[in-house]
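Order of appearance sets the numbers: ligands from 1, and atoms from 1 within every ligand. On a predicted model such as this, the values are computed, not experimentally measured, just so you know.
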Amino acid sequence: MIVDGKQIRPIWLDKDLKTVKVIDQRMLPHEFIVADLTTVDHNIQAIKEMYVRGAPLIGVTAAYGVYLATLNAPDNNISDEYIKKECNRIKAARPTAVNLAWGVDRVLTEIKKTKNNEDKITTARIEAQNIEEEEAENCRKIGEYGLSLIKNISSSKNGKTVNILTHCNAGWLACIEYGTATAPMYTAFDNGIDVHVWVDETRPLNQGSRLTAWELGKHGIKHTVITDNAGGHLMQHGMVDIVIVGTDRTTCTGDVANKIGTYLKALAAQDNNIPFYVALPSSTFDWTFRDGIKEIPIEERDPDEVRYVQGMNQGVTKNVLVPPKNSPAANFAFDVTPARLVTGFITERGICKADEKNILRLFPEKD
Ligand code: MRU
């Protein structure tokens, strides 16, 4: 995407072909810092500590992690045992986003087809770069398909502002380009449709108020940051036309894991007859899980992320403690919205209802 006149992605391979560059998203929106990843340990740290985050970007970073493993093999010997061990370490970085294992496995499958070291390195690099480009293109298509939903609402309102609510950051920062949930917003805006986005702040790490608000602002899209609990009230008062969110893992039956709090938005949307759409590339479908609540692993992160809030004060980024020093906290990072609360999926192959039959109609090769 273009930021302040410059074309930028949240991840790219440096010209030296040895360094993976990532925007350190922990520091946005107040500081723009680019971090260098040159080893598998760096790669795992960037995923775990959320320099990079969001399902598609986690998948691409993981794919580059396998490439870094091929570059850093001891004695330049990329043995099957070594590469498998490194792949398993990368896969264990975060549990919920299925893209992580998907990205690793895609590169590993290609490596296995090659024989010598040089070929393994080149193959791993090319596959990681392919994944990066494919995910960018998938998000572009999600934007094209999602545009129709926003266009219809705009027409039914005689061109008046379309109010969209989103949760967390499923924007280009979380993907490669365009985003998933934000792609239809960008496409609608670029097509001259009047859109306004309600941005859930998304506690505890504030991916909404820090990242989505930053992205939308850079693109000139009208938006308003709201507390995580405000959505239900806005929906009751006709101030939300459509909800669009992303997902970290969606079962083949249509259950959606996404940032904690998504489920409550879906409940409120259903109670108020407001369409609730989930935008995702095919890499975020889990074709093996059938029951999202029982099967999808929900990450529990450091409780200090709940206890402390990060912000900028007099030019310095600071963490401040909110609850009493000794109060325990719990940090469930994701929840599962059952398929029955989801109006539909916006994918790179089109829009479908949230059930197995309709998902498989778009992805027949998975049947
Ligand atoms: O903990 P995060 O910031 O990685 O969580 C991200 C989300 O929940 C996103 O909504 C999801 O990954 C979709 S990104 C297109």
Side-chain angles (χ1 to χ4, degrees), residues 1 9-11 22-28 46-62 93-100 102-103 135-136 138-143 146 165-186 197 199-212 214-215 228 243-250 256-266 276-286 292 296-302 305-306 310 331-337 342 345-348:
M1 297 296 274
R9 286 182 169 179
I11 190 167
V22 295
I23 299 176
D24 183 350
Q25 300 191 23
R26 301 169 308 163
M27 309 314 287
L28 285 173
I47 296 171
K48 265 193 177 155
E49 296 179 14
M50 295 173 65
Y51 296 48
V52 294
R53 26 84 31 216
L57 178 59
I58 290 173
V60 173
T61 309
R94 288 187 78 185
T96 304
V98 71
N99 302 60
L100 176 52
W102 173 87
E135 290 297 60
N138 287 340
C139 289
R140 193 190 64 73
K141 288 181 180 156
I142 287 170
L165 185 141
T166 194
H167 191 68
C168 196
N169 172 263
W172 65 264
L173 282 167
C175 304
I176 300 299
E177 302 267 7
Y178 313 102
T180 56
T182 56
M185 304 173 197
Y186 287 128
V197 184
V199 178
D200 281 354
E201 60 179 348
T202 318
R203 283 281 292 139
L205 294 180
N206 290 319
Q207 289 93 328
S209 55
R210 291 190 306 108
L211 307 176
T212 305
W214 182 77
E215 270 195 30
D228 287 329
V243 180
I244 311 178
V245 297
T247 168
D248 285 83
R249 188 187 296 243
T250 287
V256 172
N258 192 46
K259 182 53 57 194
I260 193 80
T262 303
Y263 171 49
L264 295 180
K265 295 298 127 69
F276 181 95
Y277 279 90
V278 177
L280 73 164
S282 48
S283 54
T284 307
F285 278 110
D286 184 322
I296 297 178
I298 298 296
E299 180 178 18
E300 287 183 47
R301 296 184 59 85
D302 187 340
E305 290 179 353
V306 174
Q310 178 185 294
N331 189 4
F332 300 96
F334 300 94
D335 61 24
V336 174
T337 299
V342 179
F345 294 122
I346 312 168
T347 78
E348 74 267 25

Handout entry: Test item: Arg203 side-chain N/O and Val306 main-chain N/O as donor-acceptor pair under 3.5 Å
Key =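 At least one qualifying donor-acceptor pair exists.
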
Closest non-hydrogen atom pair, Pro204 against Asn331 |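 Looks like CG-OD1, 3.6 Å.
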
Practice problem: From atom 4 (O) of ligand 1, work out which of Arg94, Lys259, Met50 has a heavy atom at the shortest distance. | Solution: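 The residue whose heavy atom sits nearest atom 4 (O) of ligand 1 is Arg94.
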
inquiry  = Heavy atoms only: which of Glu135, Gln25, Gln207 lies closest to atom 2 (P) of ligand 1?
reply    =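 Answer by nearest heavy atom: Gln207.
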
Do you see a donor-acceptor pair shorter than 3.5 Å between the side chains of [X] and [Y]?
| X | Y | result |
| --- | --- | --- |
| Asn169 | Arg210 | no |
| Gln25 | Arg53 | yes |
| Thr247 | Asn258 | no |

What about [X]: any of its N or O atoms under 3.5 Å from an N or O on ligand 1?
| X | value |
| --- | --- |
| Ala55 | yes |
| His167 | no |
| Thr180 | no |
| Pro56 | no |

Shortest protein heavy-atom distance from atom 9 (C) of ligand 1, along with the residue and atom involved
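Answer, as residue, atom name and distance: Asn258 OD1, 3.4 Å.
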
- [ ] If you have a sec, work out which protein heavy atom is nearest atom 11 (C) of ligand 1 and how many Å separate them, to one decimal?
- [x]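 The answer is Asp248 OD1, 3.2 Å.
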
- request: Hey, can you tell me if Trp172 and Trp214 have their rings parallel, tilted or perpendicular (30° and 60° cut-offs)?
  value: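 Aromatic pair Trp172/Trp214 classed tilted.
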
Is Cys175 near ligand 1, meaning one of its heavy atoms is under 4.0 Å from it?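 It does; at least one heavy atom falls under 4.0 Å.
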
**Request:** Decide whether the shortest distance between a heavy atom of Glu299 and an atom of ligand 1 is less than 4.0 Å.
**Result:**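 Flag not set, Glu299 not near ligand 1.
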
Cationic N near anionic O, under 4.0 Å, Arg249 to Asp286:
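Salt bridge flag = yes for Asp286 with Arg249.
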
Practice problem: State which residues pass side chain to side chain contact (heavy atoms under 4.5 Å, CB included) with Ala136; sequence neighbours excluded, sorted by chain then number. | Solution: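 With neighbours one apart ignored, the set is Arg9, Ile176, Glu177.
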
**Request:** For Ala55, enumerate each residue passing the side chain to side chain contact (heavy atoms under 4.5 Å, CB included) test, keeping only those at least two apart in sequence or located in another chain.
**Result:**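 Partners of Ala55 under the side chain to side chain contact (heavy atoms under 4.5 Å, CB included) test: Ala97, Asn99, Asp248, Thr284.
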
| query | What part of Thr247, side chain, backbone, both or neither, has a heavy atom within less than 4.0 angstrom of ligand 1? | reply |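 Near ligand 1, Thr247 shows its backbone, while the atoms from C-beta on stay back.
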
| query | Can you list the atoms of ligand 1 that are under 4.0 Å from a heavy atom of Ala170? | reply |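 Listed by number with element: 14 (S), 15 (C).
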
Atom indices of ligand 1 within 4.0 angstrom of Phe334 heavy atoms, with elements
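Close to Phe334: 1 (O), 5 (O), 8 (O).
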
